[in-house]
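A short write-up of the structure that comes next.
Atoms within each ligand, like the ligands themselves, are counted from 1 in listed order.
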Amino acid sequence: MTRNRRQPWATTPLIESPHLSKLAGCRILLKLDNLQPSGSFKSRGIGNYLLRRIQESEALGQHPHFYASSGGNAGIACVVAAQSLGYNASVVVPTTTSPALVARLHAEGVTKIIQHGQSVMDADKYLKAVVLPADPNGVYVPPFDHQDVWDGNATVMQEIAVQMEGEKPDAVVCSVGGGGLMNGVVQELDKLGWSDDVSVVAMETDGADSLNRSLLANEIITLPKITSQARSLGVATVSKKTFEYAQRPQVVSAVFSDGDAARGCLILARHERLMVELTAGVAIVLCEDRMLEKVLGRKLSADATVVLLVCGGNDISVEMLMKWQELYGAC
Ligand SMILES: *Cc1c(COP(=O)(O)O)cnc(C)c1O
């Protein structure tokens, strides 16, 4: 992995998985964004957002203090990126936030952790209404719904194109929370002129399936409640752009259970020695039972290539894997 001083994300490896390829019956490549400095692809989008704001404020002689509301990866990415660029960041988290996450944010050098409300939505409202107005240098950091975030996330697809030496993959599989990652991927496929030929599979877990339900309803809906354990997918409403992109025939939406996602995490741990969170594990189930072909609605030849975005590896522990091993058993 390489990293520029003024770029708070890394170029991550793209590796072929022999085990998953055998399972799926085609070439499976893993894009290892769990190896980003913050442990998730959010280093890209949020890192780019911070870079843009820093460039603007340097021109005005200002020194911003960044604020994110988050129950996880967005907060970590904001703090890690700000620190690496020499700026301060604070995070508003719900009171339900785990001590492990609070400790992690401290370890990464967070300036202040403010605990407020029952959900990330409550924390976000408090940040906007109370915290930001009190800091003249305060700059809000959105987790997914901003063009600068999409531009940063698009670098993952740029890298894949370079790493595949111009060869087009048949499909790219990405997880969808609010849709910032998918927007970046589709935007870059358009730029490459590849969007007619490369399918995008938008993965969600049951209970965090805001895109899938919006597609069924034919309008953007808001989930009344998030019931999935895949926390980074727990966004009640997807971005407008994501809903638009998902109308394309090349973009398909798929939903699997938390149990399926946990099985995916166990497979990656066992066969690739990688610890990833449920959000990333859910993509792995597509390699079983010819599920890729079922989801894409077409046959894949043995030399077809599918890229799975391994989006993050923070919300995972040995204990969680051991518990899932008991619950979801042998694989
Ligand atoms: C944030 C996040 C997602 C969802 O990304 P969106 O841009 O909100 O769709 C998926 N996986 C991981 C690991 C994340 O941190």
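- Protein neighbours of ligand 1 below 4.0 Å, counting non-hydrogen atoms: S40, F41, K42, N73, F144, V176, G177, G178, G179, G180, L181, S232, L233, E277, T279, C311, G312.
- Q115 pairs in a side chain to side chain contact (heavy atoms under 4.5 Å, CB included) with only one of the listed residues (V92, T96, T95, V91), which is T95.
- Between the side chains of R27 and S21, no donor N or O sits under 3.5 Å from an acceptor N or O.
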(request) Could you go through the side chain to side chain donor-acceptor pair (under 3.5 Å) check for K31 and Q163 one step at a time? (result) CA-CA 10 Å; K31 179 64 172 165; Q163 288 167 320; 2.9 Å; yes
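- Applying the ring pair (Phe, Tyr, Trp, His ring centres under 6.0 Å) criterion to Y67, with sequence neighbours excluded, gives H65.
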Got a list of side-chain donor-acceptor pairs under 3.5 Å for residues 216-225, not counting sequence neighbours?
| residue | atom | partner | partner atom | Å |
| --- | --- | --- | --- | --- |
| T222 | OG1 | T237 | OG1 | 2.8 |

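- A search for ring pair (Phe, Tyr, Trp, His ring centres under 6.0 Å) contacts involving Y49 returns H146, not counting sequence neighbours.
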